[in-house]
**Q** 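Could you have a look at this structure, given as structure tokens, before my questions?
In this chain, numbering begins with 1 at the start of the sequence shown.
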Amino acid sequence: MTILIIILIVVAVIFIINYNGNKHDEEMRKLAEQKKTTQSSLSQHNINNKIMDAVHAMGDGQNAQYWEGFKRRKPNEAKAIVAASRLNMDYLSDKDAFEVVSTFLRWSENTGKPISKLKDDTIAQLSEFLNEVSFEMLESKLKNEIPKEAKTFNISPNHTVGYFMLIYLREAQNRQSKTSVPTGDIRSLVEQLLDTVFTHEMKAKMNEDMAYVFGSLVVDMVKSGDVDPQLQMMLSSMTIQNIKMMNKLYESGKVDKNEFDQILEETLDKFAHQF
């Protein structure tokens with residue numbers, strides 16, 4: 001089940017990036033079909049180059065005349081792009097400003113969301129992904145997709161949807177790490193875990209010393225994330241899954257490990273005394 005979730009999330013990340021490219025490509029194909037000239041259809045690369053030439057023709061490429069014109073025409077979108085990109089657009093060249101603007105306009109159009117909501121909605125979506133897969137996996141996938149998008153649209157890698165998603169991914173991770181888990185919740189989770197460990201069958205076969213030794217091995221697995229093969233044969237699949245989830249919490253940065261260790265030991269003592 002976990003592997004399926006990971007696959008679906010990775011596919012979703014790729015879809016978010018590639019959907020923008022696919023829809024744009026479709027529009028460009030329709031445009032090419034309408035132009036009945038003797039010349040062969042221009043490639044996406046050549047089309048973007050011609051657009052860039054037109055942008056450069058507006059000025060010397062350093063005075064950001066394109067951005068000034070865009071701010072006058074669409075002040076709300078301009079304000080939203082500054083907030084979402086975190087760039088000082090006034091200091092960008094015409095080429096760079098055009099690339100950033102076109103990326104956010106394309107992103108907004110293809111998702112059906114205003115630019116002002118792209119950042120928060122994307123961070124929320126990535127935060128959900130981080131509950132299921134590692135930051136490193138998502139980061140790697142985005143880094144792999146950025147060059148493809150840059151080549152498709154003939155723009156700088158730092159001006160792609162994938163690049164801005166990478167920034168939002170890091171912010172999503174920072175937000176999660178700053179969210180601490182209450183002590184009561186940790187204690188409740190540990191108790192639920194040990195409840196699944198010490199079944200009625202286990203209690204019938206163990207005394208207090210045996211229970212403490214067995215429970216200590218489970219606690220070690222929670223801390224290390226390594227599942228002992230012999231213990232795995234004695235525990236249910238649900239218990240193994242819970243141990244792995246507890247390890248993710250232990251390593252998440254959302255909890256104080258010293259406090260977590262103390263809760264594990266205190267709860268284990270409490271359960272062992274029941275034998």
**Q** With a 3.5 Å cut-off and no angle check, do the side chains of S188 and Q192 form a donor-acceptor pair?
**A**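 Yes - a donor-acceptor pair under 3.5 Å links their side chains.
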**Q** Are any non-hydrogen side-chain atoms of Y163 and H159 less than 4.5 angstrom apart?
**A** no
**Q** If every non-hydrogen atom of G162 is compared with every non-hydrogen atom of L142, which pair is closest and at what distance?
**A** O-CD2, 4.3 Å
**Q** Hey, could you give me the NZ/NZ distance between K119 and K113, rounded to the nearest 0.5 Å?
**A**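 Between atom NZ of K119 and atom NZ of K113 there are 15.0 Å.
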**Q** On a heavy-atom basis, which atom in A211 and which in F198 lie closest, and how many Å separate them?
**A** O-CZ, 3.4 Å
**Q** Taking ring pair (Phe, Tyr, Trp, His ring centres under 6.0 Å) as the test, write out the residues that go with F260, two or more places apart.
**A**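 Y250.
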**Q** Can you measure from NZ (K141) to CZ (F129) and round to the nearest 0.5 angstrom?
**A**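 One finds 13.0 Å between NZ of K141 and CZ of F129.
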**Q** Backbone N or O of I243 within a donor-acceptor pair of the N247 side chain at under 3.5 Å?
**A**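 No; zero donor-acceptor contacts below 3.5 Å.
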**Q** Taking only Lys NZ, Arg NE, NH1 and NH2, and the carboxylate oxygens of Asp or Glu, determine whether E139 and R170 approach each other closer than 4.0 Å.
**A** yes
**Q** Has T196 got a side-chain atom pairing as donor or acceptor with L193's backbone, closer than 3.5 angstrom?
**A** yes
**Q** Between E191 and R187, does any side-chain N to carboxylate O distance fall below 4.0 Å?
**A** no
**Q** Does any part of the side chain of Q125, heavy atoms only, come nearer than 4.5 Å to the side chain of D121, both counted from C-beta?
**A** no
**Q** Would V190 and E266 satisfy side-chain contact (heavy atoms from CB on, under 4.5 Å), going step by step from the backbone distance to the final call?
**A** CA-CA 10 Å; V190 173; E266 290 176 351; over 6 Å; no
**Q** Could you check K151 against K148 for side-chain contact (heavy atoms from CB on, under 4.5 Å), going step by step and ending with a plain yes or no?
**A** CA-CA 5 Å; K151 182 178 181 181; K148 301 175 187 177; 5.9 Å; no
**Q** Going through the distances and angles, do Q262 and N258 end up as a side-chain contact (heavy atoms from CB on, under 4.5 Å)?
**A** CA-CA 6 Å; Q262 183 177 351; N258 291 329; over 6 Å; no
**Q** Do V197 and F214 have side chains that get closer than 4.5 Å, going by heavy atoms?
**A**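 V197 reaches F214 side chain to side chain.
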**Q** Hey, is the main chain of L92 close enough, under 3.5 Å, to the side chain of D96 for a donor-acceptor pair?
**A**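 No.
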**Q** Grab the two heavy atoms, one from M210 and one from K205, that are nearest each other, plus how far apart they are.
**A**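 So the two residues come closest at CE-O, 3.7 Å.
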**Q** Checking S116 side chain against A80 main chain: does a donor-acceptor pair fall under 3.5 Å?
**A**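 No, S116 side chain to A80 backbone: no donor-acceptor pair under 3.5 Å.
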**Q** Please round to the nearest 0.5 Å and tell me the distance separating atom OG of S134 and atom CD of E251.
**A** 13.0 Å
**Q** Between M221 and L235, is any pair of side-chain heavy atoms under 4.5 Å apart?
**A** yes
**Q** Give the minimum heavy-atom separation between M246 and V222, together with the two atoms involved.
**A**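 Taking every non-hydrogen atom into account, CB-CG1, 3.9 Å.
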**Q** Check this for me: does any side-chain nitrogen of one of E99 and K95 sit under 4.0 Å from a carboxylate oxygen of the other?
**A**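 K95 and E99: salt-bridged.
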**Q** Do you know the tightest heavy-atom contact between S127 and A172?
**A** OG-CB, 3.5 Å
**Q** Under 3.5 Å, is there a donor-acceptor pair between the side chain of T122 and the main chain of L118?
**A**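 Between the backbone of L118 and the side chain of T122 there is a qualifying donor-acceptor contact (under 3.5 Å).
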**Q** Please check: side-chain N/O of S108 versus main-chain N/O of L105, any donor-acceptor pairing under 3.5 Å?
**A**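 Looks like no, no N/O pair under 3.5 Å.
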**Q** Going by atom types only, do D94 and W67 share a side-chain donor-acceptor pair under 3.5 Å?
**A** no
**Q** Keeping the roles fixed (side chain from S102, backbone from F98), state whether a donor-acceptor pair exists under 3.5 Å.
**A** yes
**Q** Is the closest basic N to carboxylate O distance between E149 and R106 below 4.0 Å?
**A** yes
**Q** Is E145 close to T160 at the side-chain level, that is, under 4.5 Å between some pair of heavy atoms?
**A** no
**Q** Quick check: do D220 and D226 have side-chain heavy atoms less than 4.5 Å from each other?
**A**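 The answer is no; the side chains never approach within 4.5 Å.
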**Q** Ignoring hydrogens and angles, tell me if any N or O in the side chain of Y168 forms a donor-acceptor pair with the backbone of A84 under 3.5 Å.
**A**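 Checked: pair present.
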**Q** Look up atom OG1 in T239 and atom CG in L194, then write down how far apart they are to the nearest 0.5 Å.
**A**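 Between T239 OG1 and L194 CG, I get 10.0 Å after rounding to 0.5 Å.
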**Q** Side chains of L217 and D228: closer than 4.5 Å at any heavy-atom pair?
**A** no
**Q** Within the 4.5 Å heavy-atom criterion, are W107 and F164 side-chain neighbours or not?
**A** yes
**Q** F104 and S85: which non-hydrogen atoms are nearest, and at how many Å?
**A** CE1-CB, 3.8 Å
**Q** Whether the side chain of Q232 engages the backbone of I240 through a donor-acceptor N/O pair (distance < 3.5 Å, no angle test) should be reported.
**A** no
**Q** To the nearest 0.5 Å, tell me how far L138 CG sits from L169 CG.
**A**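 Going from the CG atom of L138 to the CG atom of L169 covers 5.5 Å.
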**Q** What's the spacing between M245 CE and Q241 CD if we round to 0.5 Å?
**A**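 The CD atom of Q241 is 6.5 Å from CE of M245, to the nearest 0.5 Å.
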